Amino acid sequence: QVDLMESGGGLAQAGDSLRLSCTASGRAFNSIAMAWFRQAPGKEREFVAAISRSGEGKTHAYSVRDRFTISRDNVKTLMYLQMDRLKPEDTAVYYCAARFVSDNSGTYYSYDYWGQGTQVTVSS
């Protein structure tokens with residue numbers, strides 16, 4: 001079991017930066033691959049970025065590839081999403097996700113554990 005909690009969302013203007021954080025409970029942080037997803041009003045949840053359990057493997061959605069960066073600190077048991085040059089279309093609830101894996105460098109698109117989400121609103 002992994003309990004996830006996101007923080008760092010809020011209001012921003014186009015062009016601003018925000019950093020989201022996700023903390024995971026338990027002593028198995030080094031055993032989980034993690035990811036960020038987002039869901040905008042009236043739309044389906046979409047993949048944003050994923051990171052392997054070691055932090056070596058990273059994947060970003062094409063729509064955010066040049067602006068967002070996923071990272072993690074396995075000592076602090078935190079995962080981050082650095083969001084730069086924000087756009088109004090980035091407005092969404094952002095979710096942290098996790099799954100137990102056995103490999104160090106793989107990234108995934110399906111996850112078993114989810115946080116409650118944090119709202120990011122970007123105005124033009």
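If you're wondering where the values come from, they're calculated on a predicted model, not measured in any experiment.
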Subject >> Steps toward side-chain contact (heavy atoms from CB on, under 4.5 Å) verdict (L20, M83) >> reply: CA-CA 8 Å; L20 305 182; M83 304 187 294; 3.7 Å; yes
Can you tell me how far [atom2] of [Y] sits from [atom1] of [X], rounded to the nearest 0.5 angstrom?
| X | Y | atom1 | atom2 | answer |
| --- | --- | --- | --- | --- |
| S52 | K58 | OG | NZ | 9.0 Å |
| E46 | S63 | CD | OG | 5.5 Å |
| I51 | E56 | CD1 | CD | 10.0 Å |
| D16 | S123 | CG | OG | 8.0 Å |
| L78 | C22 | CG | SG | 8.0 Å |

Spell out, as yes or no, whether a donor-acceptor pair under 3.5 Å connects the side chain of [X] to the backbone of [Y].
| X | Y | result |
| --- | --- | --- |
| D103 | G106 | yes |
| T59 | A49 | no |
| H60 | I70 | yes |
| T91 | P88 | yes |

Original post:
Going through the checks in order, is the side-chain contact (heavy atoms from CB on, under 4.5 Å) test met by T69 and L81?
Top reply: CA-CA 6 Å; T69 304; L81 184 67; over 6 Å; no
[X]: which residues meet the side chain to side chain contact (heavy atoms under 4.5 Å, CB included) condition with it, sequence neighbours left out?
| X | value |
| --- | --- |
| K87 | R67, E89, D90 |
| S25 | D3 |
| A24 | V2, L4, F29, I32 |

Original post:
Does R99 make a cation-pi contact with Y113 (under 6.0 Å, within 45 degrees of the axis)?
Top reply: no
**OP:** Indicate whether the side chain of Y94 and that of R38 have a donor and an acceptor atom separated by less than 3.5 Å.
**Re:** yes
Original post:
Going by distance alone, is a donor N or O of one side chain under 3.5 Å from an acceptor N or O of the other, for R53 and N30?
Top reply: no
Original post:
Where do W114 and R45 come nearest, in terms of heavy atoms and distance?
Top reply: CE3-NH1, 3.6 Å
Original post:
Do Y95 and F37 have ring centroids that are under 6.0 Å from one another?
Top reply: no
Original post:
Taking atom CD of Q116 as the centre, does the number of heavy atoms from other residues, nucleotides or ligands within less than 6.0 Å exceed 12?
Top reply: no
Original post:
Can you list the steps and then say if V48 with F68 is a side-chain contact (heavy atoms from CB on, under 4.5 Å)?
Top reply: CA-CA 9 Å; V48 175; F68 292 7; 3.9 Å; yes
Original post:
Is Y109 reachable from V101 through a run of hydrophobic residues whose side-chain heavy atoms are each under 4.5 Å from the next?
Top reply: yes
Subject >> Any C96 side-chain heavy atom under 4.5 Å of M34 side chain >> reply: yes
